[in-house]
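Whatever order the structure lists them in is the order used to number ligands and atoms, beginning at 1. Since the model is a prediction, treat every value here as computed from it, not as a measurement.
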Amino acid sequence: MPLDKKYDSMLAYYQEASFNPVPISVEDEGVWRDHLAKRGNLYTGSLGIPVGLLKGRKVLEFGCNSGENALALAHHGADLTLVEPNKQVHPRLRQLFERFNLSDQIISLSSESISGFTSDKKFDLVIAEGFLFCLPDRRELIGRLAGFLDEGGFLVVSWNDRYGMLIEQIKRLFLWRGCALLREDPQSETSLKTAQLLFGEDFDRLNASRSLPVWWKDMLVQPFIVDEWHWSYDELLRLVEEAGCELHSTSPRWPLADHYRWYKNVRSTSERHEAIFHEWNRSFLFFLTGRSFPHLAQTPASEEVVKGTAKLIAALSLYGSTDGVESDLVAVKWSGELDSWLRSFGDSFIDAFADDLQELLNAVKTDSFDQLVESYSKAKTFRKLWGTPYHYLSCRKLA
Ligand SMILES: C[S@@+](CC[C@H](N)C(=O)[O-])C[C@H]1O[C@@H](n2cnc3c(N)ncnc32)[C@H](O)[C@@H]1O
């Protein structure tokens, strides 16, 4: 059952529901410490941008929402230019900075969108976190964002990764199918209760910053969590290079292409990107499952395996899209290429994962809501995994 209502943009979706997608109660001392530790881990630990070096640096953040992440940068002494078109969240942002005595760190707060914002200044760090992938001109925007950088400055972007989304899209499919069988809108209270029934137990075990209702609203029933708006490294690495930048680091941190190398053996940007992309094929299992399997030789995923997986994910996401219809379930078919590759590892856990995937894709076609829930609960290996739906990269502006 498609959504009753269509939305022009993710921004319109948030605004209409007065929904804050990333509510973090940093006013609470314990939450603030935890938030600082997580943001420090993201920047210093994963993205290779030490927060200790941010003092006095010029930072431009697009889509900062109510400013909880910007607050952490201000805490480390960054000078902030903030751009957030959703004016509903500006009052909370101002209040937060006042409360933390960090208002002086805000150089300006604009309500322009990323496309409308202009500046004569260049910045040391430009951030577009949590929304860029949903914009129709996202390819051009990577170049536009890099244009705000000083030479040697860093750009940070995040996206919903096509392949990392496999597990999340199956969860989404089960929820949307459940809603169709109950004849309920995916945005209804019943849908939230169904998400709780299907995923609540597993979600409680996760070290998530957000509650299940927020995850439900922002991921499971959000109209922009569909294949059209997924992104992946093959496209992003090319765009980064075209924008005159070089990949610096990632979160999760998966490329090993820089490891075990003598620093004097300098590669060109394209040579290094190529090596990283080769590494991506070898990390495909991590992208799909969210787990590393260090005891296994990492057989690279061939082009056919990647294509077969992409086709499956597109079919999964079609049902959970605003235009999805019952007949779209026919397109949901297990990928033979992916199956053979997964089974080639000869590992019992990965075999059980492949079994679960295959069974879930059949089970979702049932006409009984109770059977749907029962089949999902039986997928014990699948239920232990969360994939890697959300990725970040940092890149450096070249001379
Ligand atoms: C999911 S929230 C992410 C908030 C924060 N950056 C984070 O990652 O936690 C997406 C934010 O991007 C903003 N946004 C949406 N479209 C935008 C656009 N075209 N230009 C700038 N910001 C936009 C939304 O208003 C929202 O505050």
Side-chain angles (χ1 to χ4, degrees), residues 7-26 31-32 34-36 38-43 46-47 49 59-74 78 80-94 96-97 106 108-119 123 125-142 144-145 147-148 155-161 168 208-211 213-226 229-231 251 389-394:
Y7 297 86
D8 290 341
S9 65
M10 190 164 79
L11 181 60
Y13 175 72
Y14 291 153
Q15 279 178 325
E16 190 185 287
S18 295
F19 170 63
N20 184 336
V22 201
I24 307 172
S25 332
V26 286
V31 173
W32 173 237
D34 182 55
H35 183 58
L36 272 185
K38 286 179 180 162
R39 299 305 293 180
N41 208 17
L42 171 66
Y43 274 89
S46 294
L47 296 176
I49 303 171
V59 174
L60 169 60
E61 181 172 3
F62 291 98
C64 61
N65 196 41
S66 42
E68 291 82 356
N69 295 340
L71 199 64
L73 299 175
L80 303 171
T81 299
L82 302 175
V83 184
E84 173 49 66
N86 183 4
K87 283 193 191 166
Q88 286 174 3
V89 295
H90 285 203
R92 173 168 162 80
L93 187 151
R94 291 276 187 206
L96 273 185
F97 275 76
I106 302 182
S108 66
L109 168 60
S110 154
S111 53
E112 282 292 347
S113 76
I114 192 169
S115 314
F117 178 81
T118 52
S119 171
F123 296 84
L125 174 60
V126 174
I127 304 165
E129 181 179 354
F131 70 96
L132 189 68
F133 49 94
C134 292
L135 301 180
D137 50 350
R138 63 186 188 177
R139 295 174 60 86
E140 295 76 42
L141 285 173
I142 294 281
R144 181 168 164 71
L145 287 166
F148 289 114
L155 168 64
V156 170
V157 297
S158 68
W159 68 96
N160 289 325
D161 189 84
E168 196 97 347
S209 301
R210 308 198 287 182
S211 64
V214 175
W215 171 59
W216 166 78
K217 182 89 182 160
D218 199 32
M219 291 299 283
L220 296 177
V221 297
Q222 223 247 61
F224 294 87
I225 308 293
V226 288
W229 305 115
H230 292 154
W231 229 347
S251 174
Y390 196 53
H391 286 249
Y392 291 81
L393 67 77
S394 57

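- Here the closest heavy-atom approach between residue Gly130 and residue Ser158 is recorded as N-OG, 2.7 Å.
- In the vicinity of Ser113, heavy-atom distances shorter than 4.0 Å reach the ligand 1 atoms 19 (N), 20 (N).
- Applying the 4.0 Å criterion to heavy atoms of Leu135 picks out, from ligand 1, the atoms 19 (N).
- Using a 4.0 Å cut-off between heavy atoms, Phe62 makes no contact with ligand 1 at all.
- Which parts of ligand 1 touch Asn65 is read off a 4.0 Å heavy-atom cut-off, strictly below it: atoms 4 (C), 27 (O).
- Partner of Tyr14 under the ring pair (Phe, Tyr, Trp, His ring centres under 6.0 Å) criterion, out of Phe131, Phe224, Phe19: Phe19 alone.
- Counting all heavy atoms, side chain and backbone alike, Ser18 lies closest to Gln88 at CA-OE1, 3.7 Å.
- When hydrogens are left out, the protein atom nearest atom 21 (C) of ligand 1 is Pro85 CD, 3.4 Å; that is the closest non-hydrogen contact.
- Every N/O-N/O distance between Val22 and ligand 1 stays at or above 3.5 Å.
- Given atom 20 (N) of ligand 1, the protein heavy atom at minimum distance is Ile114 N, 2.9 Å.
- Inter-residue side-chain proximity for Leu393 and Trp159 is flagged as met; some heavy-atom pair is nearer than 4.5 Å.
- Each of the atoms 13 (C), 24 (C), 25 (O), 26 (C), 27 (O) of ligand 1 lies under 4.0 Å from some heavy atom of Glu84.
- When the heavy atoms of Gly63, Pro21, Ser110, Cys134 are ranked by distance to atom 6 (N) of ligand 1, first place goes to Gly63.
- At the top of the distance list for atom 10 (C) of ligand 1, counting protein heavy atoms only, stands Gly130 O, 3.6 Å.
- The closest protein non-hydrogen atom to atom 16 (N) of ligand 1 is Phe131 CD1, 3.9 Å.
- A salt bridge does not link Glu84 to Arg92: none of the charged side-chain nitrogens sits closer than 4.0 Å to a carboxylate oxygen.
- Side-chain atoms of Leu141 and Ser115, non-hydrogen and from C-beta on, do get closer than 4.5 Å to each other.
- Scanning all protein heavy atoms for the shortest distance to atom 8 (O) of ligand 1 gives Glu129 CG, 3.1 Å.
- Between Asn69 and ligand 1, at least one pair of N/O atoms sits closer than 3.5 Å.
- Using a 4.0 Å cut-off to heavy atoms of Asn86, the atoms of ligand 1 that qualify are 25 (O).
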